[in-house]
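These notes are about the structure you will find just below.
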Amino acid sequence: MTGRSTRISLAVWSAAVIAFLWIPIVLIGVYAFNRSNIQGWPITSWTSHWFSAAWHSPDVRGAFRLSVEVALIATGIALALGTMAAAAIARFRFFGREAVSFLLVLPLALPGILTGIALSSAYTFIGLTPSIWTIVIGHATFCVVIVYNNVVARLRRSSPSLIEASQDLGADGWQTFRFVLWPVLSTALVAGGLLAFALSFDEVIVTVFTSGAQETLPIFIFDNIERGQQLPVVNVVALFVIVVTVIPVALAQRVMRDTGIVRRGAADVTEAVEAAEIPAV
Amino acid sequence: MAIDAGALETGPSLRRARLRLSGLLWRRPSLKALGLLVPPLGAFLIVYVGALGVLFVSSFWTIDSFTATVKHTWSLDNYRLIFAQGEPYLRIATRTLAVAAVVTAVDALLAFPLAFFMARLASRRTRAILFVMVLLPLWASYLVRIYAWQTILAHDGVINWTLGKVGLPDLNLAYTNTAMVIVFCYVWLPFMVLPIYAALERIPESYLEASADLGARGLKTVRSVILPLALPGIVAGSIFTFSLTLGDYITPLLIGGTNSQFIGNTVYNFIVEANTPFAAAFAMIPMAIVGVYLLIARRLGAFEAL
């Protein structure tokens, strides 16, 4: 149904849109090597000095450590709670099931600022002072949803009779989990965990409201951009944050694709779409 | 793995207990469902829904202008102020809504041809590459991508340099509403591409053949077969572009100018000034709009397309 000229114009359009998506990201990488303190274009002289400046900055190191800690803890919580919720929703029919699955998507569908100010006013209300844990709670709310989406998509594609067969053969709950469920779920869990980590690592909207004096890496970037300070170091940190978030996502993509459990072909992309398309920002 | 068939009668007591527990959970699936559901749902209700509840309640409180403390007395003053004539808040809300609508429309226009190309024309290999090319920017830090645009749009940035090279005059885009629309379209674009792609990919080839057999030309098929079937995907994408724009405060703060006050950064400013009650009341506006939008989207089948 599509003629040659239509095909070509669609291809050109697609290429242009992809370029639009990638040029700013490439520029971040280029600016990291800018010698000047001024963010002008074109860049006239180059240096890798800012990389070592960022590496030796105690602010950057502290922020990096906090970001990693928060992301790891939030991912752990998300894996535990997200998997449980997914198992309940995918395997059982009960009253209010639709409502529960609707509720669980809310942290992604509602604007992040709502989550942020809701948590911050709740913290003030119960007298919780900002700490690493207030940040973790904020991140966990949407990380849970990412894991939940991944696992629920996988469970819908696997047969419940596998579990029945395992129990008929005399396996107890742990054995069924270890030898039947785990092989089915492992890649979905790994992918979900990687995505949750990436999401938490660069989260800024909610974190602004839930962190006190502590700075995560995105907060460090945000504060400095707002004040126009240390921009050369910010460029390096920005590039670093992009790399650290993109690697887990690319890995998650691979893991999902290489699994033998999902039908190969179109379905792997579809499952990836279902599971990965909706991070909260 | 070795499963000892006789274990039920003769095995060690721990294993017997485990098997008995498994059996009980099997006979009583409701117990299992409850056990699986209570921890995540309980945490979710307490932390998330509870926090939203506190936010809602505090929107009826007021701030004491002398002591700057929150007074826990019920009143509609915050809401009255929002809707009062001569106050900027209604204008801010309308501006935010208008920008969100424009961004959603532009993103749908940009995304649809790309999604169509990915889903129906590209080879499997190209499709996988394009998919990753759309997916990675979606995940690459949103703050960093906004920051990149700050440098691109700046007076001595890439855009003006490029315009100068081809002999066109400078565009003073930095700190304008146009700049904000561009950046919003940019950051949310992948959210629009992926659901449309998923919806288009599900259309069976036979539908398109049938349409052609019945004599429909290309555009006619697009209008009467492809668009209606892609609609849930477009609506699903619009949930993100619309709702994320509605609640954003970073883009107006970093990209917008003096006339770019948004709901998001107004709320943010009130939080910074410690006037939480008014911030909460003003935040109820995007909350209500997104709530209504989600209900409509659900009717249009967008949730199946997510």
Side-chain angles (χ1 to χ4, degrees), chain A residues 1-2 6-7 10-11 13-14 17-18 21 24-25 27-28 39-42 81 84-85 87-88 92 94 100 107 109-114 117-119 121-122 125 137 141 167 169-174 179 198 202 204 218 221-222 225 238 241-242 245-246 249 253 269-270 273 277 279 281, chain B residues 1 3 5 18-19 22 26 29 33 36-37 39-40 43 47-48 51-52 54-55 58 110 113-114 117 121 131-133 136-137 139-145 147-149 151-152 156-158 161 194 198 208 212 218 221 239 243-244 246-247 249 254 264 267 271 276 279 283 286-287 290 294:
Chain A
M1 57 145 282
T2 37
T6 322
R7 276 168 181 274
L10 280 172
W13 184 277
S14 303
V17 173
I18 295 288
L21 282 176
I25 296 175
L27 278 176
I28 284 291
Q39 309 287 303
W41 188 267
L81 296 183
M84 291 171 91
F92 299 99
F94 53 86
V100 170
L110 285 182
I113 190 171
L114 279 169
I117 65 173
L119 285 174
S121 50
F125 187 69
I137 292 172
T141 53
Q167 288 181 327
L169 292 167
D172 61 35
W174 164 249
F179 297 109
D202 71 1
V204 64
I221 297 177
F222 181 56
I225 300 175
V241 169
I242 291 251
T245 44
V246 155
V249 177
Q253 265 301 106
V269 177
T270 315
V273 171
E277 76 187 349
V281 199
Chain B
M1 80 186 153
I3 293 173
R18 265 171 28 193
L19 277 170
S22 306
W26 176 246
L36 283 171
L37 204 55
V47 173
Y48 189 72
L52 283 178
V54 171
L55 186 72
S58 66
L110 287 175
L114 169 63
F117 181 79
L121 298 177
F131 183 76
V132 171
M133 300 281 272
L136 290 187
W139 285 84
S141 168
Y142 129 101
L143 174 66
V144 168
R145 288 184 295 140
Y147 172 56
W149 275 97
T151 61
I152 293 173
D156 53 355
V158 173
W161 178 81
L194 295 177
L208 308 183
T221 304
I239 293 176
S243 125
L244 291 173
L246 220 50
Y249 61 92
L254 297 182
V267 167
I271 293 274
T276 316
M287 175 105 155
V290 171
L294 284 178

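Convention: sequence-line order gives letters A, B, ...; per-chain numbering from 1. Predicted model, so just to flag it, every value in this text is computed and none were measured.
Using a 4.5 Å cut-off on side-chain heavy atoms (C-beta onward), A:L119 and B:V47 make contact. For the pair A:W41 and B:T151, the minimum side-chain heavy-atom distance is 4.5 Å or more. Side chains of B:S58 and A:F125 form no contact here, defined as non-hydrogen atoms less than 4.5 Å apart.
Heavy atoms closer than 4.5 Å to chain A are found in the side chain of B:I271, but not in its backbone. Both the backbone and the side chain of A:F222 come within contact range of chain B, judged by heavy atoms closer than 4.5 Å. When heavy atoms are compared at a cutoff of 4.5 Å, B:L37 approaches chain A by way of both its backbone and its side chain. Using a 4.5 Å cut-off between heavy atoms, B:L254 touches chain A through its side chain atoms alone. With a threshold of 4.5 angstrom between heavy atoms, B:T276 approaches chain A through side-chain atoms but not through N, CA, C or O. In this structure, the portion of A:L27 lying under 4.5 Å from any heavy atom of chain B is its side chain and not its backbone. For a residue to count as touching a neighbouring chain, one of its non-hydrogen atoms must lie under 4.5 Å from one of that chain's; by this rule A:I117 touches chain B with backbone and side chain alike. With a 4.5 Å cut-off on non-hydrogen atoms, B:A140 touches chain A through its backbone and its side chain both. Residue A:I28 touches chain B through its side chain alone, counting heavy-atom pairs closer than 4.5 Å.
Here the shortest heavy-atom pairing between B:A148 and A:P24 reads CB-O, 3.6 Å. Of all non-hydrogen atoms in A:S14 and B:P113, the two that sit nearest each other are OG-O, 4.1 Å. The minimum heavy-atom distance between A:A87 and B:L36, with the atom names listed, is CB-CD1, 3.7 Å. Scanning all heavy atoms of the two residues, the minimum distance from A:Q39 to B:D156 falls at O-OD1, 4.4 Å. What you find for A:T245 and B:S141 is that their closest heavy atoms are OG1-N, 4.0 Å. Minimum heavy-atom separation, B:V290 to A:P111: CG2-CD, 4.0 Å.
Rounded to the nearest 0.5 angstrom, B:R145 CZ and A:L21 CG are separated by 8.0 Å. For the atom pair A:L110 CG and B:L294 CG, the distance stands at 6.5 Å (nearest 0.5 Å).
Of all the listed residues (A:T141, A:I225, A:V246, A:I242), the one sharing the greatest number of non-hydrogen pairs under 4.5 Å with chain B is A:I225. Considering only heavy-atom pairs separated by less than 4.5 Å from chain A, the leading option among B:P39, B:A51, B:G157 is B:A51. When the candidates B:G264, B:A283, B:S243 are compared by the number of heavy-atom contacts under 4.5 Å with chain A, B:S243 comes out ahead.
A side chain to side chain contact (heavy atoms under 4.5 Å, CB included) with B:L143 is found for exactly one of A:D202, A:I221, A:V241, namely A:I221.
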Discussion item. Pair A:V17, B:F117 - check side-chain contact (heavy atoms from CB on, under 4.5 Å), show working.
Written reply: CA-CA 12 Å; A:V17 173; B:F117 181 79; over 6 Å; no
